Amino acid sequence: MERDIEFVKEIASKEKDFSQWYVDVVRKAELADYTSIKGCMVIRPYGYGLWENMQSGLDRRIKETGHKNAYFPLFIPESLLKKEAEHVEGFAPEVAWVTYGGSQKLEERMAVRPTSEAIICSLYSKWVKSWRDLPILLNQWVNIVRWEKVTRLFLRTTEFLWQEGHTAHKTKQEAEEETLKILHQVYRDYIENDLAIPVIVGKKTEKEKFAGALHTYTLEALMTDGKVLQAGTSHNLGQNFAKAFNIKYLDEDQQEKYVWQTSWGTTTRLIGAIVMVHGDERGLKLPPKVAPIQVIIVPIMFDKTKKEVLEKAESIRTILKRDFRVEIDARDEYTPGWKFNEWEMKGVPLRLEIGPKDLASGQVVLARRDSREKMAVKEEKLVETVKELLDKIQVNLLEKAKKFLQENIREVSDYSEFKEVIEKKKGLIKTHWCGNKDCEDKIKEETKASIRCIPFEQEEISGKCIYCGNESSTLVYFARAY
RNA sequence: CGGGGCGUAGCGCAGUUUGGUAAGCGCGCUUGGUUCGGGACCAAGAGGUCGGAGGUUCAAAUCCUCUCGCCCCGACCA
């Protein structure tokens with residue numbers, strides 16, 4: 001079992017070259033591949049299966065909290081996009097424009113949606129007349145185009161998939177509650193429980209907030225290379241868009257009022273997070289709840305016993321299929337050892353080995369991807385054991401990631417120490433910030449670390465700004481980010 | 001978009017300095033056979049015009065120009 005280190009030669013060392021390791025894992029595990037279109041990747045069946053499972057967990061939560069799915073146009077006329085000034089400004093550099101329809105030049109060019117606030121707001125203004133029309137709670141699963149200069153598989157591509165929720169409410173209070181509900185009840189619950197990724201939640205600074213929002217809440221996840229990835233955002237749009245798009249209703253008190261809005265999104269980027277949070281030298285480790293294959297059955301096929309073993313494998317599959325996503329790898333051309341490595345690289349949580357010896361003793365062998373532990377299990381206990389193990393793996397992945405996160409949050413109060421920690425240890429730094437954008441900018445400039453969020457849990461202690469030394473009552477997390 | 005690196009068979013690479021029977025290696029792939037409890041072995045095969053375009057030359061993977069893409073580091077973002 002120790003000599004299998006050599007297998008890893010197919011993927012770069014995670015320790016030595018994290019970026020290359022990431023690309024290797026994504027490609028060798030067949031999650032995605034490059035295409036001949038600049039900045040655009042293809043999500044392969046295995047990766048898309050993962051995305052579908054991720055979608056279903058999140059979609060369920062979105063619906064449970066009262067939202068419905070809809071679909072809005074891909075194209076957004078320039079005039080609409082321009083209505084909210086801060087919003088356009090924020091997205092202008094990365095908008096792809098359609099200027100021709102067939103051979104005819106368009107009167108007005110159209111943006112390929114970089115996000116859908118503009119188009120959706122234009123419709124909300126039609127739909128909302130009375131306080132009885134509110135709230136509007138919609139979500140859509142769509143593709144998005146942002147003309148990025150630098151791309152990385154899943155983390156930043158020209159086209160990507162996401163869900164974006166857009167809601168309109170009567171009161172400021174209600175919109176704020178919605179924003180927080182999405183953050184905690186939907187996103188945090190989903191990311192921690194389904195993806196096994198612990199997050200730090202909080203508010204973005206003015207500098208980092210969404211273009212056009214009142215304020216933005218965020219979920220930040222720590223990757224195992226010490227960099228932080230924004231896992232999702234939930235924006236309180238206030239009345240900025242309502243005013244720009246004229247979304248008004250007649251309230252019970254006979255007054256015409258602007259609605260209060262929110263928007264929120266998560267993307268296929270989360271797939272990258274799963275890779276970078278759970279993966280190891282041997283490849284992917286998928287959380288059981290979203291793994292396209294939860295149990296892979298590898299029959300050990302000796303000539304004389306092949307038939308019986310395959311039959312048994314098939315009957316086991318039939319039993320497990322009722323509760324789990326399970327497949328058999330009965331390919332003749334690969335040896336069991338090859339398959340073990342292959343499926344481990346692809347992150348399948350549990351492997352079930354069945355050979356003549358097992359047949360004779362009425363058992364199978366189960367091997368965990370997370371701990372690489374192997375155990376024999378009696379057939380009659382199989383279903384409950386598999387269930388138990390998958391649950392354990394799910395928990396274990398989260399616990400491990402939590403531990404890593406905790407170990408990599410450091411409280412620092414001295415700027416030179418700050419610089420050293422960011423440079424050498426990476427991870428998150430918890431410290432005080434005076435609230436001044438100049439300090440924020442300078443720190444970013446000098447250390448490449450940005451304020452990831454202002455956590456909700458503000459301790460009662462005051463301190464001094466890490467940069468300027470002025471009194472501060474705001475605790476923040478700094479980190480280098482993807 | 002700035003700095004650096006790289007594009008030769010599906011993947012990983014050699015060949016480029018010194019243009020000329022070097023289109024070559026390993027893995028993978030195909031066929032047949034033996035195998036199968038942690039990346040099996042034997043035999044026989046298929047496959048590239050050297051990222052693309054243009055140029056220099058008797059002759060270009062090799063020299064020149066332009067161009068496209070990818071990776072890394074920065075600025076921007078989910």
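Quick caveat, the model's predicted, so the values are computed rather than measured. So that the names make sense, note that chain A is the first sequence line, chain B the second, and so on, each numbered from 1.
Expressed to the nearest 0.5 Å, how far CG of L214(A) lies from CD of Q261(A) amounts to 11.5 Å. A distance of 11.5 Å separates NE2 in H184(A) from OG1 in T179(A), rounded to the nearest 0.5 Å. Rounding to the nearest 0.5 Å gives a distance of 4.5 Å between CG of D59(A) and CG of N69(A). To the nearest 0.5 Å, atoms NZ (K381(A)) and CG (L366(A)) are separated by 13.5 Å. Taking NE2 of H278(A) as the start and CG of L195(A) as the end, the distance is 7.0 Å to the nearest 0.5 Å.
Distance, I297(A) CD1 to G37(B) P: 18 Å, rounded to whole Å. Taking atom NZ on K304(A) and atom P on U35(B), their separation rounds to 9 Å, with Å as the unit. Rounded to whole angstrom, the span from the CD1 atom of I300(A) across to the C1' atom of G37(B) amounts to 5 Å. Look at CZ on F160(A): it is 14 Å from P on C77(B), rounded to the nearest Å. Across the protein-nucleic acid pair, K306(A) atom NZ and U35(B) atom P stand 12 Å apart, rounded to whole Å. Rounded to whole Å, atom P of G37(B) lies 11 Å from atom CE of M301(A).
Separation of the P atoms belonging to G52(B) and C11(B) is 14 Å when rounded to the nearest angstrom. When the P atom is compared between G51(B) and A46(B), the two are found 24 Å apart, to the nearest whole Å. The C1' atoms of U8(B) and C1(B) are separated by 30 Å, rounded to the nearest whole Å. Taking atom P in both G55(B) and A14(B), the straight-line distance is 30 Å, to the nearest Å. Look at the C1' atom in both A22(B) and C6(B): the space between them is 22 Å, to the nearest Å. The same atom, C1', is picked in G15(B) and in C50(B); the two are 10 Å apart, to the nearest Å. The same atom, P, is picked in G3(B) and in U67(B); the two are 14 Å apart, to the nearest Å. Straight-line distance between the P atoms of C13(B) and U56(B): roughly 34 Å, to the nearest whole Å.
Phosphate contact (OP1/OP2 of C36(B), side-chain N/O of T335(A), threshold under 4.0 Å): absent.
Nucleotide U21(B) is matched to nothing when pairs are restricted to Watson-Crick or G-U wobble geometry with both distances under 3.5 angstrom. Taking a pair to require two hydrogen-bonding distances under 3.5 Å in either a Watson-Crick or a G-U wobble arrangement, C6(B) pairs with G69(B). Base pairing analysis places A14(B) opposite nothing; no Watson-Crick or G-U wobble pair with both distances below 3.5 Å involves it. When both distances must be under 3.5 Å, the Watson-Crick or G-U wobble mate of U62(B) does not exist. Applying the Watson-Crick and G-U wobble criteria (two distances, each under 3.5 Å), C41(B) pairs with G33(B).
T158(A) comes within 4.0 angstrom of no nucleic acid atom, judged by non-hydrogen atoms across all strands. Within the nucleic acid shown, E353(A) comes within 4.0 Å of at least one base atom, counting heavy atoms only. Residue R331(A) is out of contact with every strand shown, counting any heavy-atom pair closer than 4.0 Å. Among the atoms of the strands shown, base atoms are found under 4.0 Å from some heavy atom of L155(A).
Salt bridge R369(A)/E344(A): absent, no basic N to carboxylate O contact under 4.0 Å. A salt bridge links E353(A) with R351(A): the closest approach of a Lys/Arg side-chain nitrogen to an acidic carboxylate oxygen falls below 4.0 angstrom. A salt bridge links E311(A) with K307(A): at least one charged nitrogen is closer than 4.0 Å to a carboxylate oxygen.
For the pair R109(A) and W97(A), the cation sits on the ring face: its NZ or CZ lies under 6.0 Å from the ring centre, inside 45° of the axis. In this structure, R146(A) forms no cation-pi arrangement with F91(A), as its terminal cationic atom is not both closer than 6.0 Å to the ring centre and no more than 45° off the ring axis.
Checked by distance alone, K339(A) brings no side-chain donor or acceptor within 3.5 Å of a matching partner on the base of G37(B).
Relative ring orientation between W264(A) and Y187(A) is described as perpendicular, the plane-to-plane angle rising above 60° on a 0-90° scale split at 30° and 60°.
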Do any N or O atoms of the protein come closer than 3.5 Å to N or O atoms of nucleotides 28-34 of chain B, and which pairs are they?
residue : atom : partner : partner atom : Å
C29(B)  : OP1  : Y334(A) : OH           : 3.0

Enumerate all atom pairs, one protein N or O and one N or O from nucleotides 70-76 of chain B, separated by less than 3.5 Å.
residue : atom : partner : partner atom : Å
C70(B)  : OP1  : G39(A)  : N            : 3.0
C70(B)  : O3'  : Y34(A)  : OH           : 3.3
C71(B)  : OP1  : Y34(A)  : OH           : 2.6
C71(B)  : OP2  : T151(A) : O            : 3.4
C72(B)  : OP1  : R152(A) : NH2          : 3.1
G74(B)  : OP1  : K448(A) : NZ           : 3.0

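Ranked by how close their nearest RNA chain B nucleotide is to the 5' end, P299(A) and G232(A) are led by P299(A).
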